[in-house]
Amino acid sequence: MKDIRNSNALKAICYILVPCLILIIILSAISIGYYASEIDRNEFNQYQIDTGVITEYEGDIYRENLVYQLSANTYQIAPSIFMISSILLIICMIYIIISIGHKKGEDGIYLDSLDKIPYELLLILTLILFGIEMALLAGPCYQLIFEEYNSYIINTGILAAILDGVIIYITITTLVITTIRRTKAHIFWKNTIVYKLFQFIFKGLFINFSETVKLAVEYGGFIIASVILIFITMQNPIVVFFLLGFWYYIFKKILSHINQFNKVREKIGKMYKGDISVPLDEEELYGELRQIARELNDISGGLSNAIEEATKSERLKTELITNVSHDIKTPLTSIINYVDLMKKEEIENPKVQEYLEVLDNKSQRLKKLTEDLIEASKASSGNIKLTMEKLNVKELIKQVSGEFEDRFHNRGLEIIENYPEEEVSITADSRYLYRVMENVYGNIAKYALENSRVYIDVIKENRKVQIILKNISQDKLNITVDELMQRFVRGDVSRTTEGSGLGISIAKSLTELQNGKFDIFLDGDLFKVVIEF
Amino acid sequence: MYNILVCDDDKEIVEAIEIYLGKEGYKIFKAYNGEDALKVIQENEIHLIILDIMMPKINGIKVAEKIRKDKAIPIIMLSAKSEDYDKINGLNTGADDYMTKPFNPLELIARVNSQIRRYTTLGSIKKEEGNIYQTGGLIINDDTKEVSVDGNKIKLTPTEYNILKFLTKNKGIVFSIEQIYENVWEDEAYGAENIIAVHIRHIREKIEINPKEPKYLKVIWGIGYRIENIK
């Protein structure tokens, strides 16, 4: 279909065919009309034969004869020619209307410089041209029909009329083409002086008004104007009918505006919630809303690009850390194994024993560090599959306390648990919640002041459950909460004996992955962790 | 004397394992890639395979798949890959156990011993009469009040024994601390509830090779404890 619209040859044929067809239709109409008229052909024939001379009525007779000849020769086929030509004309016109504005190699509607001239100006120009041409045509027409000159003048008259007809055809066609093209490209109103004038006035007046106010003013004005029109025309039924149609049109337009507005509103709502996957269809929107849609799509496109980039780089980081950690693990395995084997050899030099002990400690720490590193990067990038289920908080605390009982006991730490009588449950991943608790308990076991008490409170408020763990730090906490939360930072900066310093950071990331909140509060030597679900 | 094939592309790791297992009295066959491993298995009678995953030519997963086509030899995977996904993948392709590098030599030895015992003797052990509760290599004889894992006798305190017996009797079912307390304690000793978690950890330390990755006594955090039903 699109190829047919773009064919230049077809277009040229149609443009030439149209005037020809019009001419044929006029001629066949004359033929039919004449045939149907009262004139007695035989009589006329006789009259011509009888006189056989050129008189001062020569022009009259010649004209009469021309029409007679036409009619006599064609009256049998004239009706069918009239029909076929009319149908052909309609087809040509339809094709022209469809094909206007389409050009090979151009997407959408093709506009040229003619379409940039304000429509009113073009209309006036065409009207003037049309007037001049009509005036020019009037001469030969008059000649043809009324003047009684000789055959020569009639012949030149016919020629002049045809020529003038062609010029008029070109003028009108040009106007029609540009009108259709403008309508198709939705710029018809935009390129009128009236529109520009209105826009100028409106921009000055309503620059800060919303689309809705503008709509109300515009359409309200239309309705008031049409009511006035009804009264002026004395409730003429035709005017009323047209206005009803017009109102219906306006009503539809308002509905479509509301519909479009809702689409944009919905999109903004989605974006606000973080769904930026589906862009708005700009083609469904018009005017200012289309502009808004385009800008919105640009914003969400940029956003999703940024998010995609961030996710990608985070994933790459995780992959890198995981791969590097794997590569570290293999040589580390040998270090740990051979240190262990050496320790089992009989070495008499106590210094060597001491050095081996250092090697053993450090290699074990390196092992823990690589493991934590993988876990931290996975947790912070959210690269973990969770199985969320209903968990009993009291059960969990008892279980974890049981696990750490020995380590706490060794440092003289006493656990004091406080929880409500009723059952307290949360939704979380059993294993990863344990990892959180393990890290927090491990932190307490390592850094709490010896022979002090550790308070573990469970608080249920509204729908929130808080697990609060409090202990007294052994060392001075010369650090801010932010620093503590960051990876590789520990409560005591100078401490290098155990842990990777990733524990708290892992615990926070894992809690957040399970839709929980993980906070730390420092108050003097009081170290408080609040886990909320 | 049992033959063990150790296959890893890192020669030093293979040699270290040879030293550890050699001391236990095993005969070690060595391979440094998947192809050699398959060849060794064809040519010798092997009782257990320690297999690395990331290896040149044929990787450990494929080797395990090929072995499983016609042999039931126990396979212990030994890999630097420590993610759950890798472990599940390894065990699904036919491995009997999965250990991550760097490994604890004692744990490796324990796991090797356990697999060898299961492979060579357990299958033929006659079911003893009486009140026997069993899951995998864990056997509780309620008549003699004896507990053994893979043939090794385990010493438990009476409380630990009662808890383990209760859980093994109901293997595969998760019990909360409260439920264990209600079922195991006949008289209501107040406060005893709180130390059940401690008892359970002690049991795990006694019956499990690696208490942090228990095979028999699983902890379901926030829900309870369960003895796995292993055939």
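Naming: A, B, ... by sequence-line order, numbering from 1 per chain. Here the structure is a predicted model, which is why all the values come from computation and not from measurement.
Between A:Lys367 and A:Glu371 the shortest side-chain heavy-atom distance falls below 4.5 Å.
Neither the backbone nor the side chain of A:Asp327 comes within contact range of chain B; no heavy atoms are under 4.5 Å apart. Only the side chain of B:Tyr20 comes within contact range of chain A, with at least one heavy atom under 4.5 Å from a heavy atom of that chain. Neither the backbone nor the side chain of A:Thr370 comes within less than 4.5 Å of any heavy atom in chain B. Interface remark: A:Ile328 contributes no atoms to any contact with chain B (heavy atom separation under 4.5 Å). Interface residue B:Ile19: only side-chain heavy atoms are found under 4.5 Å from chain A.
Your options are B:Asp10, B:Asn104, B:Val198, B:Thr100, and the one with the most heavy-atom pairs under 4.5 Å with chain A is B:Val198. Per-residue counts of heavy-atom pairs under 4.5 Å with chain B were compared for A:Leu433, A:Ile336, A:Val393, A:Asp340; the largest is that of A:Asp340. By number of non-hydrogen pairs under 4.5 angstrom with chain A, the leading residue of B:Pro105, B:Ser82, B:Ala80 is B:Ala80. Between chain B and the residues A:Ser325, A:Pro331, A:Ser334, the most heavy-atom pairs under 4.5 angstrom are made by A:Ser334.
A salt bridge between B:Arg226 and B:Glu228 is present, with a side-chain N of the basic residue lying under 4.0 Å from a carboxylate O of the acidic one. Ion pairing between B:Glu205 and B:Arg201 holds under the 4.0 Å rule for side-chain N and carboxylate O.
Under the 6.0 Å cut-off for aromatic ring centres, A:Tyr447 and A:Phe527 do not qualify, their centroids lying 6.0 Å or more apart.
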